[in-house]
Amino acid sequence: MPISQQPFISNLFAFVRPVTGLFGKATLVLLMVLGISQAQASHLSVAIVLSESQGAYQELGIELKNSLPSEYSVQVIGMESEIPVADMYVAVGMKAAESLANRNHPILNVLVPHAGFEKLQRPPSATYSTIFMDQPAQRQLALINAALPNATSIGILYDSSSVELDTLRKQSKVMMFDLNEHKVDQQHPLAGALFDLLQVSDVLLVLPESNIYRADTIRNILLETYRAKVPMVGLSASYVRAGALCAIYSTPKQIAYQAAEAIENFAITGKLPVPQHTKEFEISVNNQVARSLGIPIKDAVQLRVEVRRRQ
Amino acid sequence: MYRYLIFNRSFRLAIVLLFSAPVFAAEEVVSEQSYLQEFPVVLSASRLAQPISETPNAMTVLDRATIKASGFRNIADLFRLVPGMYVSNLNGYTPIVSYHGTTDNYSRRMQVLVDGRSVYLPPYSKVNWEDIPLLMDDIERIEVIRGPSAASHGANSTQGVINIITRDASASDGVRANITQGEGGISDVAGSFGRSGEQLDYRMSVGRRADNGYYTPLLNDDNVTRIFNLRSNYHPNASDSLDIQFGHSDAVRGEGVLGRSSDPFREVASSNDFQQLSWSHSHDSGDEFKVQYSHTNSTRIDNKLTAAYPKLEIFTQRHDIEFQHNFELSPSNRFVWGVGFRNDAVEAAYWFTNKPPTLKQARMFAHDEWRITPAAIMNMGTMLEDDGMGHRNASPRLSLNYHMTSQQTFRISSSVAYRSPAILEESANSQPYAGYRKALSSGGLSPEKMFSKEIGYTGEFLAQGMSVDTRVYSDHLTGLIGMDSLINATYPTGYVSAKNLYSVHFTGWESSLKYKWDDLSDILFNFSRQVTSCSAYELPTNYIPSNPLFAQHVVAPYDTLLKQCPQMTPFDSASLLLKQQLVSGVSFSTGYYYQGEMRVLDAGSVQTPMRRVDIRISKSFGNLEKRGGGEVALVMQNVFQDKYSEYINVMQLTELLFDRRAYLTATIHF
């Protein structure tokens with residue numbers, strides 16, 4: 001970025017940087033507030049910190065940068081680089097969120113699941129918020145309703161209690177689903193738990209349990225669901241490609257747009273929105289699996305319309 | 001000795017596997033990885049079964065629940081639940097299974113596969129059902145393709161294909177033990193042990209099946225079969241899978257007819273073993289590659305005890321390798337192609353005075369499933385084969401399935417299939433054997449050719465719990481190979497050969513109905529009606545009516561056979577299986593099996609109609625499919641003592657009648 005385009009506030013920070021001690025910090029906070037008022041004049045420096053400089057992280061970072069007004073100063077950096085001084089930070093992924101969590105700057109976390117946000121143990125505020133990576137329970141259940149209108153009992157495998165599980169429990173009651181829960185741990189091996197679960201469930205809903213759904217376990221899980229003729233509802237397009245019936249998720253692009261909106265709003269009001277779920281989402285359907293299981297499923301576009309209508 | 005060696009090795013292997021089972025990692029990680037991780041394609045196109053409404057043929061699927069409810073102890077009996085299928089017995093351990101007639105001792109016109117491995121073996125080109133090293137409990141499901149399917153399954157899928165799919169190694173967990181005791185010396189035991197891990201799954205089964213065969217004292221058909229089967233699956237990652245199977249069966253069986261010196265009471269030893277290795281790799285693009293190799297070895301030793309008769313020994317060895325590639329040509333085209341080679345070697349000193357040829361067969365196939373519109377699916381494919389006897393055949397198939405609604409589908413299909421002559425038909429040169437004429441093949445047989453046309457309908461009414469499958473067909477089988485009696489003036493000496501003698505035309509319709517009216521009750525009903533007509537293809541070599549000797553011994557028998565040939569299929573046959581769950585783990589099921597009067601090709605007498613009822617009552621404790629489950633069951637076959645006759649009478653001495661028999665079976669899973 002040419003020097004001439006560098007926003008004023010960044011230079012200011014650069015100036016005060018050597019200042020240390022209590023006085024220094026107070027100055028910093030003061031200048032930050034000043035900075036915000038400067039930002040209202042559409043000059044905001046944003047540092048987008050990626051947990052990993054590849055894949056969805058990078059896609060989101062670049063998409064977000066491109067979505068922000070061109071007069072903003074936006075840097076996309078990896079964890080390995082030194083964190084630059086900026087008016088606000090966007091942490092992409094848990095690693096970045098964790099490393100930034102103690103910083104006294106406005107921070108917006110993205111690609112962070114609800115449970116991950118809780119784990120950061122920093123209460124949300126006007127300057128600290130998150131766009132959750134997971135889909136709201138209501139939306140997931142609406143997908144099941146739309147894709148499998150006859151399904152009444154949902155099977156889930158979990159390893160530890162999580163906020164996602166709690167909300168799913170509550171929402172299932174509201175939406176009149178029976179939730180069959182099986183805990184998987186050393187006493188309850190996966191194979192047995194899955195077998196029991198599939199006996200009584202119409203659909204297996206995947207929870208973000210990285211101890212259960214792994215690259216080395218997915219094969220047997222999917223084969224077992226197929227054998228039991230119980231479709232799986234996954235967490236991402238990758239699940240669907242592997243053999244899940246369908247999945248609802250938000251793409252990095254959709255999350256980037258929502259983050260850009262929050263940041264622009266922040267530039268004006270000085271406030272980040274409360275932690276929230278994604279607004280936009282995608283649905284993927286594996287038609288071959290549907291056909292083979294004899295499930296007459298609507299196409300992804302129709303499902304999306306229906307899920308949206310049910311929200 | 002050999003068998004014990006296998007057992008020891010396997011148990012050692014099992015112990016190693018048991019302790020190397022991976023421990024569940026219990027660290028708590030909260031990250032976005034769950035949403036971002038990439039998985040390889042697991043349920044790839046080749047793993048996904050075509051739904052019945054989109055298959056190019058009519059298909060019957062027998063699942064575990066149906067198999068259990070039938071109460072049958074033997075694999076062959078299960079086919080009574082397939083419309084149009086004929087199941088009978090030559091004796092207590094030799095079932096005859098055929099589809100749409102052309103039934104004889106060998107039932108050669110149907111391919112039978114176990115996990116893709118053909119168990120249709122030379123030199124007779126038949127299936128020795130009781131020798132398959134497979135326990136009933138290890139069967140996941142059986143898919144029966146009704147109609148020729150040579151385009152997908154190669155030669156000898158002339159009238160149908162039976163695909164036995166065994167349980168995945170990953171489906172077994174724990175120990176299962178089963179004991180069965182009953183009338184007629186029924187005494188079976190089976191045990192299996194399985195483990196499912198993150199990279200390695202395996203199951204191992206051992207069993208023994210024994211009974212005294214038919215009740216008649218005239219027939220010596222006591223039999224004991226011991227079976228060992230191991231299946232293991234190693235999947236280091238989700239895209240590669242190595243499936244290793246081996247099995248062994250050996251049996252001691254009674255043979256002989258009371259008071260008949262040419263067929264004295266004696267024991268016959270039979271064994272079969274196989275090793276099978278298949279590796280499949282799925283690519284991220286959705287392509288899947290599979291290589292499968294199998295080796296089958298079978299032995300039958302009939303020691304006739306009498307010095308005057310030779311020892312009948314048959315050794316068969318088969319190597320088969322196949323490569324297959326599945327991929328998507330476009331979003332609307334699923335394509336599979338492959339090549340395969342097979343080497344069949346036979347040693348049977350009695351049947352072949354000269355060493356029989358080793359058959360080297362080669363095949364190449366391609367199949368495309370083209371979704372022309374969301375409602376119209378075209379399946380087209382062909383198999384090119386060299387049968388190793390100088391014939392090269394192409395077996396094409398074309399079918400169009402049209403979904404009238406999401407529930408109702410019409411299918412129109414046409415295909416060509418061949419049956420290669422059996423080694424014995426083409427090259428027999430038997431040793432002289434008192435009481436039997438020498439078998440001396442003239443050779444030069446043509447493969448039998450099937451041309452089939454059908455119109456089918458499937459209806460899947462999920463909300464009503466009902467599915468219907470019906471079809472009408474016209475199958476034309478030409479050049480059916482039969483016995484060519486070459487006699488001379490010194491009759492009854494002379495010899496027999498094989499020749500393409502008949503053409504047979506089958507027309508008929510068959511239907512299947514499944515209805516589940518609540519969670520506890522369902523019914524399966526099958527019905528088949530068939531009209532068979534026969535004509536001469538070529539005349540027997542000695543068909544010379546002007547010569548009195550030939551007229552009596554060649555012309556008359558041939559004419560009679562042609563006249564009786566249409567009776568080789570029953571006009572009507574039907575089967576019904578009702579399952580009903582009662583209170584507190586008690587279940588009841590009953591099967592009804594009907595078959596009209598008929599006369600099989602190679603039997604002199606008529607087989608009287610069968611109206612047989614079987615029942616099964618069981619009480620289960622917990623879920624049998626998981627640890628802690630168990631079940632006791634009582635099965636009674638032919639409850640009302642229907643006096644129907646089996647495949648053949650005991651060599652003109654007596655009718656073989658299947659008497660009522662009952663047995664108790666108990667299973668525990670821990």
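In this text, all values refer to a predicted model and were calculated from it rather than measured experimentally. First the proteins, then the strands, lettered A, B, ... as listed; each starts at 1.
With respect to the salt-bridge test (charged N to carboxylate O, under 4.0 angstrom), the residues B:Arg176 and B:Asp137 qualify. Taking the charged nitrogens against the carboxylate oxygens, B:Asp138 and B:Arg167 have no contact shorter than 4.0 Å, which rules out a salt bridge. Contact check on A:Glu224 versus A:Arg227 returns a salt bridge, with a Lys/Arg side-chain nitrogen under 4.0 Å from an Asp/Glu carboxylate oxygen. Classification of B:Arg141 and B:Glu143 as a salt-bridged pair holds, one side-chain N sitting under 4.0 Å from a carboxylate O. Using a 4.0 Å cut-off between charged side-chain N and carboxylate O, B:Asp201 and B:Arg195 make no salt bridge.
Among B:Leu36, B:Val42, B:Asn233, the residue with the largest count of heavy-atom pairs under 4.5 Å with chain A is B:Val42. Counting heavy-atom pairs closer than 4.5 Å to chain B, the top-ranked of the candidates A:Lys95, A:Arg241, A:Glu209, A:Gln288 is A:Gln288. Of the residues considered (A:Ala191, A:Pro113, A:Ser236), A:Pro113 shows the highest number of contacts with chain B, using heavy-atom pairs under 4.5 Å. When each of B:Ser241, B:Ser406, B:Ser53, B:Pro236 is scored by its heavy-atom pairs under 4.5 Å with chain A, the top score falls to B:Ser241. Ranked by heavy-atom pairs under 4.5 Å with chain B, the first of A:Leu207, A:Leu111, A:Val240 is A:Leu111. With chain B as the partner, the residue from A:Thr217, A:Leu293, A:Val289 showing the most heavy-atom pairs under 4.5 Å is A:Val289. Listed options A:Gly93, A:Ser162, A:Gly55, A:Ala56 were ranked by heavy-atom pairs under 4.5 angstrom with chain B; first place goes to A:Gly93.
If you measure heavy-atom distances from B:Arg64 to chain A, you find no contacts under 4.5 Å at all. Within the 4.5 angstrom heavy-atom criterion, no atom of B:Ile52 approaches chain A. For B:Asp63, no part lies near chain A; criterion is any non-hydrogen pair under 4.5 Å. Contact of A:Asn287 with chain B is not made at all, since no heavy-atom distance falls under 4.5 Å. Contacts between A:Glu52 and chain B at a heavy-atom distance below 4.5 Å involve the side chain alone, from C-beta outward. In this structure, chain B has a heavy atom under 4.5 Å from the side chain of A:Phe195, while its backbone stays farther away. Contacts between A:Glu98 and chain B at a heavy-atom distance below 4.5 Å are absent for every atom of the residue. At a 4.5 Å heavy-atom cutoff, the contact between B:Glu54 and chain A is made by side-chain atoms alone. Both the backbone and the side chain of A:Ala115 have a heavy atom closer than 4.5 Å to some heavy atom of chain B. Residue A:Tyr57 touches chain B through its side chain alone, counting heavy-atom pairs closer than 4.5 Å. B:Gln33 touches chain A through its side chain: at least one heavy atom from C-beta onward sits under 4.5 Å away, while N, CA, C and O do not. Heavy-atom distances place the side chain of B:Glu328, and not its backbone, under 4.5 Å from chain A.
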**Asked** Could you walk me through whether B:His235 and A:Asn220 pass the side-chain contact (heavy atoms from CB on, under 4.5 Å) check?
**Response** CA-CA 9 Å; B:His235 38 95; A:Asn220 278 1; 3.6 Å; yes
**Request:** Take B:Gln245 and B:Asp115 through the side-chain hydrogen bond (donor to acceptor under 3.5 Å, both in side chains) test and state the conclusion after the steps.
**Result:** CA-CA 10 Å; B:Gln245 295 194 40; B:Asp115 292 329; 2.9 Å; yes
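Residues A:Thr225 and A:Leu198 are in side-chain contact: their nearest non-hydrogen atoms beyond the backbone lie under 4.5 Å apart.
Below 30°, between 30° and 60°, or above 60°: for A:His114 and A:Phe132 the angle between ring planes is below 30°, a parallel geometry. Ring geometry, A:Tyr213 versus A:Tyr239: the interplanar angle exceeds 60°, so the pair is classed perpendicular (tilted spans 30 to 60°).
The residue from B:Gln50, B:Met378, B:Glu369, B:Arg411 that alone fulfils the side chain to side chain contact (heavy atoms under 4.5 Å, CB included) condition with B:Pro56 is B:Gln50.
Taken to the nearest 0.5 Å, the CG atom of A:Leu235 stands 7.5 Å off from the CG atom of A:Leu205.
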